[in-house]
Amino acid sequence: MSNWEYRRKKLSTIIEVGGIDNPVSRGYDLFSTVAIVINLMVSVLMTFTSIELQYGSVLLLVEQITVIFFAIDYLLRLWTAKYLYKANTELKAIRKYILSFSGVVDLLSFLPYFLPIFFPSGAVAFRIFRIIRIFRLFRINAYYDSLNVITEVIVGKRQQLMSSVFIILILMLASSLCMYSLENKAQPDIFQNAFSGIWWSVSTLLTVGYGDIYPVTFLGKLFGIFISFLGVGMVAIPTGIISAGFVEQYNRIKQISEYAQEGDVRFIKVRLKEKDAWANQAIKDLGLPRGMLVVVIQRKENIIVPRGEVILYPGDTIVLAAESFAGESRIELKEIEIKEQNEWAGEQIRNLDISRRSVIVFVDRGDQMLIPNGNLEIKVGDKIIMYTQDRVLDANRIQI
């Protein structure tokens, strides 16, 4: 990969939603969020005549800066689209981004601002299109997991929601035609056509009505009561679907956590030190055995997702996961704490009177795990972890 291509790939990781371990990308996300909010605030403040007269030049300058940022952001996303849609060729990736919802919103976030330069006569119409910038707020949704749950629920239940909306539309059309037939003769000025009936059905089904259009005949009032009751149930359908989606989403998260317990996965927490072999190494270069993986990395108060390129630093706390031993037999170790009266205290391992049926696995010395060698001196307070078939008094059993 050339330096130019490497920089483009690096830029794609910056402008996309960044992880905690990538402060540059997180800073770009924060700056994008602030720019979106400021731009929308300027659009709102510009509607106040007194504020526009006093601070109009400042607000226009702020709007210009944020719009230029939106334009640059759009061009950068076009340039790095091949890394966003890796399964496509570069041209297809660019086309896919341009035609996507986010791509259309990104384009309309800045394009109407510059169009009056080339088409002055359409300045008023182009200003209306600037309202589309509010849809850029959906980008904030991608930066925060709590907001992203809402998107996942709506996307997951889109078919059910579309079905309920279709039913509501059919009900609106049918009720409007029925009300027009019942009320047209009694109120020809109010129920002039089917559209008048649609306005009545919308205001009745979705609200309690606005009082501008209402039935006056007996059959019309009777039909209106029926539609009002039916409307309550119809509006409740999408609400129930979304509520059920939230329950399913959180149950899915719960099942994932319970699955780890059912699968009997073991977790180990290790704190790296300066002299450890893993310090300053990328996760992909650790050479972990099959069946073991790095689950999470805690760096100070931050939790980092362990991707292959992440570098481990001294002071990091690493959580490792491994499958439990699948065999029927169990290996039993024994833990012996060395006290002052113990004859092993102050002795080197090579001088210990240990039978051939016993093996010292490691020595736990406070925050250190020491590999046993002949020169290692046993100290008071050490915990000796050993495998032995002999009976040892006051030893704690550890099963693997």
Side-chain angles (χ1 to χ4, degrees), residues 4 7-19 22-85 90-148 150-151 154:
W4 184 256
R7 291 173 183 173
R8 181 155 68 150
K9 184 177 180 180
K10 190 73 174 178
L11 183 62
S12 69
T13 62
I14 293 174
I15 63 177
E16 292 302 320
V17 180
N22 192 341
V24 178
S25 182
R26 294 293 292 177
Y28 188 87
D29 296 343
L30 179 61
F31 185 81
S32 298
T33 303
V34 172
I36 294 169
V37 174
I38 289 177
N39 184 274
L40 292 176
M41 287 178 61
V42 169
S43 299
V44 173
L45 292 175
M46 290 288 286
T47 61
F48 294 87
T49 307
S50 59
I51 296 178
E52 184 180 9
L53 291 175
Q54 189 172 1
Y55 303 103
S57 58
V58 177
L59 294 176
L60 288 175
L61 178 61
V62 173
E63 183 184 30
Q64 185 178 13
I65 293 173
T66 55
V67 168
I68 290 174
F69 169 74
F70 295 156
I72 295 174
D73 178 79
Y74 181 79
L75 294 176
L76 292 178
R77 292 181 187 279
L78 282 178
W79 191 45
T80 59
K82 64 175 290 187
Y83 294 104
L84 180 61
Y85 305 99
E90 185 164 359
L91 290 177
K92 288 185 178 179
I94 293 174
R95 185 176 61 196
K96 193 170 183 178
Y97 168 70
I98 292 175
L99 299 178
S100 66
F101 174 77
S102 60
V104 172
V105 172
D106 291 346
L107 178 63
L108 295 178
S109 296
F110 69 91
L111 188 61
Y113 183 85
F114 298 106
L115 285 178
I117 299 175
F118 305 99
F119 306 99
S121 59
V124 177
F126 295 144
R127 180 169 289 275
I128 296 175
F129 281 103
R130 296 184 187 182
I131 300 174
I132 297 177
R133 292 179 197 167
I134 197 170
F135 289 105
R136 199 175 175 91
L137 283 172
F138 284 107
R139 282 212 172 274
I140 300 177
N141 187 50
Y143 300 149
Y144 302 99
D145 294 335
S146 58
L147 294 176
N148 202 32
I150 300 174
T151 303
I154 293 176

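A distance of 5.0 Å separates CG in Leu76 from CG in Leu11, rounded to the nearest 0.5 Å. Summarising the geometry, atom OG belonging to Ser32 is positioned 9.0 Å from atom CD1 belonging to Ile15; distances are rounded to the nearest 0.5 Å. Distance CZ/Phe110 to CD1/Ile72: 10.5 Å, rounded to 0.5 Å. The CD1 atom of Ile65 sits 11.5 Å away from atom CG of Leu60, with the distance rounded to the nearest 0.5 Å. Here the CZ-CG distance, from Phe70 to Leu108, works out to 12.5 Å after rounding to the nearest 0.5 Å. From Lys9, atom NZ reaches atom NZ of Lys82 across 10.0 Å, with rounding to the nearest 0.5 Å.
Scanning for ring pair (Phe, Tyr, Trp, His ring centres under 6.0 Å) contacts around Tyr55 gives an empty result, with sequence neighbours left out. For the side-chain hydrogen bond (donor to acceptor under 3.5 Å, both in side chains) test, residues two or more places apart in sequence or in another chain that qualify with Arg8 are Glu5, Glu90.
Residues Val42 and Thr66 are not in side-chain contact: their nearest non-hydrogen atoms beyond the backbone lie 4.5 Å or more apart. By the 4.5 Å heavy-atom criterion applied to side chains, Ser12 and Trp79 are not counted as neighbours. Tyr74 is listed as a side-chain neighbour of Ile98, based on a closest heavy-atom distance under 4.5 Å.
In this pair, Phe69 and Tyr28 present their aromatic rings tilted. The plane angle is within the 30 to 60° band.
Heavy atoms only, all atoms of each residue included: Ala81 and Ala93 are closest at O-CB, 3.6 Å. Nearest heavy atoms, Ile14 versus Asp29: O-OD1, 4.3 Å.
The closest donor-acceptor contact from the side chain of Ser43 to the backbone of Asn39 lies under 3.5 Å. Remark: side-chain polar atoms of Thr80 are not paired, donor with acceptor, to backbone N or O of Tyr83 under 3.5 angstrom.
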